[in-house]
Amino acid sequence: SYTSTSNPGLLQTFINRTVEQLTLREFGLQSVIQRKAGSGDACYVNQRSAPGTNASWISASGATLAEATGSYAQRSFEYKTLATRGRVMRQLRAMGRTYGDTLAMEMASKAEDYAAEYERALIIGDSQVTTNCINGFITMMQGSNTGGAGSELGQMVVNTAAAGAIVLAELDEAIDRVKGSGDRSDLVIIGSFKGLRCVNKVLQANQRFMEFGEVGAGFRVRTYDGIPMIVSTGMPDDLTFNSSGLLTAASGGAQTALMILNLRHNYVSELTPMTVEPLAKTSTTFDDIEMYSDWAAVWGNTLGGAMLVGITF
């Protein structure tokens with residue numbers, strides 16, 4: 001009798017033309033963050049601190065009014081280059097022509113690799129740890145990009161709930177610390193799959209339900225108190241925070257965080273948008289392509305974001 005095991009040569013192998021990427025990646029932050037055109041060597045932002053006295057009440061008899069002027073400072077965010085290269089052998093392109101364009105497949109795959117590092121750097125990038133890397137929002141929020149020990153730790157709220165849960169009052173407190181939090185339309189909550197599941201868990205326990213909202217090009221996501229909750233695999237689940245909310249280790253721990261950002265004050269400044277270029281041929285045996293961009297994450301206002309940190313599992 002003819003069976004598949006006794007006569008395998010009679011069966012034609014069909015190969016699906018889709019190449020499956022064996023990665024689990026969600027690029028939530030880069031999909032919602034604003035991009036602004038940049039110039040020069042860095043993005044410069046002028047910041048003003050409030051004066052000790054906002055205004056004074058004086059008598060009508062012409063009393064001298066004391067000066068109350070805020071202090072000004074300038075902060076810079078240096079442009080860095082993110083790049084990757086792909087290569088396809090000429091003979092392989094010829095062999096695989098009936099399957100598809102192998103160079104186009106490689107470009108699509110490298111674009112995902114590029115986006116994965118872009119997302120990671122936006123959140124946890126640290127120029128003191130990785131040479132030529134930008135500083136991500138966690139790094140800048142901690143103040144550690146200037147060599148300090150967390151100069152902006154006032155924006156950190158430490159989670160006190162048991163493993164796998166959060167205290168909603170503490171999440172609310174972190175949201176309240178963000179400048180402009182009264183207008184929920186400007187805010188997003190960035191978290192990992194695990195971190196956002198912790199929010200879902202406590203809401204279900206309290207018989208509260210999540211609503212849905214639209215971000216970007218009509219994408220529907222879950223919301224908390226009107227704020228879109230964005231999944232990002234760039235947010236690690238192996239962080240370590242101390243009792244003050246300072247990040248002490250970016251890997252090897254068992255904690256994550258929820259980052260609340262006001263997208264009006266935090267954005268990406270692009271000197272060169274993401275560009276794909278084929279390289280000049282130096283050999284007949286292969287074709288090379290490179291992808292690159294010059295950009296910086298801009299922490300424009302030190303009150304423009306906050307974090308609920310120390311979420312354990």
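In this chain, residues are counted from 1 in sequence order.
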Discussion item. Any heavy-atom pair between the side chains of E270 and Y79 that's under 4.5 Å?
Written reply: no
Worksheet item: Side chains of I230 and V221: does their closest heavy-atom pair fall under 4.5 Å?
Response: yes
Fill in: Taking every non-hydrogen atom, the tightest pair across L271 and S39
CD1-CA, 3.7 Å
Item to complete: Please round to the nearest 0.5 Å and tell me the distance separating atom OG of S232 and atom CG of L196.
Response: 9.5 Å
Worksheet item: Are T81 and Y292 linked by a side-chain donor-acceptor pair shorter than 3.5 Å?
Response: no
Fill in: Verdict with supporting geometry, W295 and K80, side-chain contact (heavy atoms from CB on, under 4.5 Å)
CA-CA 6 Å; W295 58 285; K80 302 289 186 178; over 6 Å; no
Discussion item. I need the full list of ring-ring contact (aromatic ring centres under 6.0 Å, His included) pairs touching residues 239-277, with sequence neighbours left out, sorted by first then second residue.
Written reply: none
Item to complete: Taking the side chain as every heavy atom from C-beta outward, state whether I289 and L279 have any pair of such atoms under 4.5 Å apart.
Response: no
Discussion item. Using the rule that Ile, Leu, Val, Met, Phe, Trp and Tyr join whenever any side-chain heavy atoms are under 4.5 Å apart, tell me whether L171 and V167 fall into a single cluster.
Written reply: no
Worksheet item: Among side-chain atoms of Y224 and D172, is any donor-acceptor pair under 3.5 angstrom?
Response: yes
Discussion item. As an exercise, state the distance from CZ of F313 to OG of S192, rounded to the nearest 0.5 Å.
Written reply: 5.0 Å
Practice prompt. Could you tell me which non-hydrogen atom of A297 sits nearest to which non-hydrogen atom of L122, and how far apart they are?
Written response: CB-CD2, 4.0 Å
Worksheet entry | Modelled atom types, side-chain donor and acceptor of Y118 and S293, under 3.5 Å | no
Discussion item. What I want to find out is whether D287 reaches R90 closely enough, with some N-O distance under 4.0 Å, to be called a salt bridge.
Written reply: no
Worksheet entry | F27/V32 under side-chain contact (heavy atoms from CB on, under 4.5 Å): CA gap, chis, key distance, verdict | CA-CA 9 Å; F27 309 131; V32 297; over 6 Å; no
Fill in: Same apolar cluster: V276 and Y114, side chain cutoff 4.5 Å
yes
Discussion item. Could you report the tightest heavy-atom contact between M235 and M259, atom names first, then the distance?
Written reply: CE-CB, 4.0 Å
Worksheet item: Is L82 close to E117 at the side-chain level, that is, under 4.5 Å between some pair of heavy atoms?
Response: yes
Worksheet item: Which heavy-atom pair separates L187 from G180 by the least distance, and what is that distance?
Response: CD1-O, 3.9 Å
Fill in: Side-chain donor or acceptor of E119 paired with backbone N/O of G28 under 3.5 Å
yes
Discussion item. Could you check whether E112 pairs with K110 (Lys NZ or Arg NE/NH1/NH2 to Asp/Glu carboxylate O, under 4.0 Å)?
Written reply: no
Discussion item. Measuring only between side-chain heavy atoms, which start at C-beta, is P51 closer than 4.5 Å to T53?
Written reply: no
Worksheet entry | Hphob cluster co-occupancy, Y44 + F77, side-chain heavy atoms under 4.5 angstrom | no
Discussion item. Between Q142 and G245 (side chain of the first, backbone of the second, donor and acceptor by atom type, cut-off under 3.5 Å), is there such a pair?
Written reply: yes
Discussion item. Please evaluate residues F137 and I123 with respect to the criterion side-chain contact (heavy atoms from CB on, under 4.5 Å), reporting the C-alpha separation (whole Å), side-chain torsions for both, the decisive distance (0.1 Å), and the verdict.
Written reply: CA-CA 5 Å; F137 288 117; I123 295 174; 5.8 Å; no
Worksheet item: If Ile, Leu, Val, Met, Phe, Trp and Tyr residues are connected whenever their side-chain heavy atoms lie under 4.5 Å apart, and connections chain through other members, are L203 and I260 in the same group?
Response: yes
Worksheet item: Within the side chain of Q34, is there an N or O that forms a donor-acceptor pair under 3.5 Å with the backbone of L263?
Response: yes
Discussion item. According to a hydrophobic-cluster definition based on side-chain heavy atoms being under 4.5 Å apart (Ile, Leu, Val, Met, Phe, Trp, Tyr only), do L303 and V298 belong together?
Written reply: no
Worksheet item: So, T160 versus E170: side-chain donor-acceptor pair below 3.5 Å or not?
Response: yes
Practice prompt. Apply side-chain contact (heavy atoms from CB on, under 4.5 Å) to N200 and R222, showing your working.
Written response: CA-CA 10 Å; N200 189 45; R222 293 174 296 174; 4.1 Å; yes
Discussion item. Given 3.5 Å as the limit, does a donor-acceptor pair link the side chain of Q47 with the main chain of Y72, or not?
Written reply: no
Fill in: Lys/Arg N to Asp/Glu carboxylate O, R85 vs D288, below 4.0 Å
yes
Discussion item. Once side-chain hydrogen bond (donor to acceptor under 3.5 Å, both in side chains) is applied, what residue pairs with a partner in residues 248-261 remain, sequence neighbours excluded?
Written reply: D237-T256
Practice prompt. Would you check if the side chain of S244 reaches a backbone N or O of L246 as a donor-acceptor pair within less than 3.5 Å?
Written response: no
Discussion item. If you count heavy atoms of other groups shown closer than 6.0 angstrom to CD of E67, is the number above 12?
Written reply: no
Worksheet item: Any sub-3.5 Å donor-acceptor pair from Q30's side-chain atoms to A115's backbone N or O?
Response: yes
Fill in: Residue pair V268 / K36, side-chain heavy-atom distance below 4.5 Å
no
Worksheet item: Within the side chain of Q155, is there an N or O that forms a donor-acceptor pair under 3.5 Å with the backbone of G305?
Response: yes
Discussion item. So S56 and L65, do their side chains get closer than 4.5 Å, heavy atoms only?
Written reply: yes
Item to complete: Measure the spacing between CD1 of I124 and SG of C133 and express it to the nearest 0.5 Å.
Response: 10.0 Å
Discussion item. Quick check against the 3.5 Å criterion: does T130 have a side-chain atom that pairs as donor or acceptor with the backbone of S127?
Written reply: no
Practice prompt. Work out which heavy atom in L258 is nearest to a heavy atom in I166; give both atom names and the distance.
Written response: CD1-CD1, 4.4 Å
Worksheet item: How many angstroms lie between CE in M140 and CG in N135, if you round to the nearest 0.5 Å?
Response: 6.5 Å
Discussion item. Donor-acceptor check, side chain of N159 to backbone of T312, threshold 3.5 angstrom: yes or no?
Written reply: no
Worksheet, complete the sentence: Between A42 and S76 the two heavy atoms that sit nearest each other are CB-CB, 4.3 Å
Fill in: Atom pair CD1/OG1 of I134 and T139 - distance to nearest 0.5 Å
9.0 Å
Fill in: CZ (R184) with more than 12 external heavy atoms under 6.0 Å
yes
Worksheet entry | Atom pair CE/CD1 of M229 and I227 - distance to nearest 0.5 Å | 10.0 Å
Worksheet item: Is there a side-chain contact between E277 and M291 (heavy atoms, below 4.5 Å)?
Response: no
Practice prompt. Indicate yes or no for a side-chain donor-acceptor contact from S283 to the backbone of F286 under 3.5 Å, with no hydrogens or angles considered.
Written response: no
